[in-house]
Participant: 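Please see the structure below; I have some questions.
The shown structure was predicted, so the numbers you read here are calculated from the model rather than taken from an experiment. Heavy-atom basis, side chains included; hydrogens, waters and symmetry copies ignored.
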Amino acid sequence: MPCNQFGKQEPGGSPDEIYNGIKHVRPGNGFEPNFQLFEKIEVNGEKEHPLYSFIKAYCPSTRGEFSDQTKLFYTPMRVRDIRWNFEKILVDSTGMPVTRYDPSTKPDDIARDIDKLIDN
């Protein structure tokens, strides 16, 4: 879900504009995502999307500190906020949030946790 609250890194307006940015700019080279792109939302602050309010109620933040606050574009700041782009959330088969992962976590590092959920 694209969000422009972190360093204004997602200025695209429409879903088509965001898709074209991915395909032709970053990462570019004709990249076509194999996942659904959603409309741009806010994940923190006064206008945060209800999905993120729900997730954050079940999973604490991955970091104690905030990034450079001059690069965060929302208010108010809360302890359970998403800290930066590419934070990941693992959700079980019933739709309940299980774990949040730091933006620095590589997707391959989540595989073991996914396998545990599948085995249960």
Participant: Kindly give the heavy-atom pair with the smallest separation between Val43 and Lys56, and that separation in Å.
Facilitator: O-NZ, 2.8 Å
Participant: What distance separates Asn44 CG from Tyr52 OH, expressed to the nearest 0.5 Å?
Facilitator: 9.5 Å
Participant: In terms of side-chain heavy atoms, does Asp16 have a donor or acceptor partner in Ser14 at a distance below 3.5 Å?
Facilitator: no
Participant: Does a sphere of radius 6.0 Å around OH in Tyr58 hold more than 12 heavy atoms from other residues, nucleotides or ligands, not counting ones at 6.0 Å or beyond?
Facilitator: no
Participant: For the hydrophobic clusters of this structure (ILVMFWY residues joined by side-chain heavy atoms under 4.5 Å, transitively), does one cluster hold both Ile55 and Ile114?
Facilitator: no
Participant: Please check if the side chain of Lys40 supplies one atom and the backbone of Asn4 the other of a donor-acceptor pair under 3.5 Å.
Facilitator: no
Participant: Give a yes or no on whether Phe35 and Ile18 share a hydrophobic cluster (residues Ile, Leu, Val, Met, Phe, Trp, Tyr; joining criterion: side-chain heavy atoms under 4.5 Å apart).
Facilitator: yes
Participant: Nearest 0.5 Å, please: how far is NZ in Lys88 from OG in Ser104?
Facilitator: 7.0 Å
Participant: For Arg80 versus Ala57, what's the shortest heavy-atom pair and its separation?
Facilitator: NH1-O, 3.8 Å
Participant: How long is the straight-line distance from CD of Gln5 back to OG1 of Thr75, given to the nearest 0.5 Å?
Facilitator: 9.5 Å
Participant: Donor-acceptor pair, Arg83 side chain versus Glu65 backbone, under 3.5 Å?
Facilitator: yes
Participant: Other residues, nucleotides and ligands only: do more than 12 of their heavy atoms fall within 6.0 Å of CG on Asp68?
Facilitator: yes
Participant: Return the CG to CD1 distance between Leu72 and Ile82, rounded to the nearest 0.5 Å.
Facilitator: 12.0 Å
Participant: Please tell me if the side chains of Val98 and Asp113 come closer than 4.5 Å, counting only heavy atoms from C-beta onward.
Facilitator: no
Participant: Looking at side-chain heavy atoms only, is the closest gap between His49 and Cys3 below 4.5 Å?
Facilitator: no
Participant: Show your working on side-chain contact (heavy atoms from CB on, under 4.5 Å) between Met96 and Phe54 and close with a plain yes or no.
Facilitator: CA-CA 9 Å; Met96 291 300 297; Phe54 176 74; 3.7 Å; yes
Participant: Tell me whether the count of non-hydrogen atoms from other residues, nucleotides or ligands lying under 6.0 Å of CZ in Phe86 goes above 12.
Facilitator: no
Participant: Give a yes or no on this: more than 12 heavy atoms of other residues, nucleotides or ligands lie within 6.0 Å of atom CD of Gln9.
Facilitator: yes
Participant: Would Leu37 and Phe31 show up in the same hydrophobic cluster when neighbours are defined by side-chain heavy atoms closer than 4.5 Å?
Facilitator: yes
Participant: Please give me the minimum heavy-atom distance between Phe38 and Pro2, naming the atom from each residue.
Facilitator: O-CD, 3.1 Å
Participant: Please find the pair of heavy atoms, one from Tyr74 and one from Gly45, that lie closest to each other, and give the distance.
Facilitator: CD1-N, 3.7 Å
Participant: In the structure I gave you, are the side-chain heavy atoms of Val79 and Pro60 within less than 4.5 Å of one another anywhere?
Facilitator: no
Participant: Hey, quick one: are Phe6 and Leu51 part of the same hydrophobic cluster, counting side-chain heavy atoms closer than 4.5 Å, chains of contacts allowed?
Facilitator: yes
Participant: Could you state the interatomic distance from CD (Gln69) to CE (Met77), rounded to the nearest 0.5 Å?
Facilitator: 4.0 Å
Participant: Please find the pair of heavy atoms, one from Ile41 and one from Met1, that lie closest to each other, and give the distance.
Facilitator: CD1-SD, 3.5 Å
Participant: Does Glu17 offer a backbone N or O that forms a donor-acceptor pair with the side chain of Asn20 under 3.5 Å?
Facilitator: no
Participant: Identify whether Phe66 and Trp84 are in the same connected component of the hydrophobic contact network (ILVMFWY, side-chain heavy atoms under 4.5 Å).
Facilitator: yes
Participant: Do Leu90 and Tyr101 touch side chain to side chain, with heavy atoms closer than 4.5 Å?
Facilitator: yes
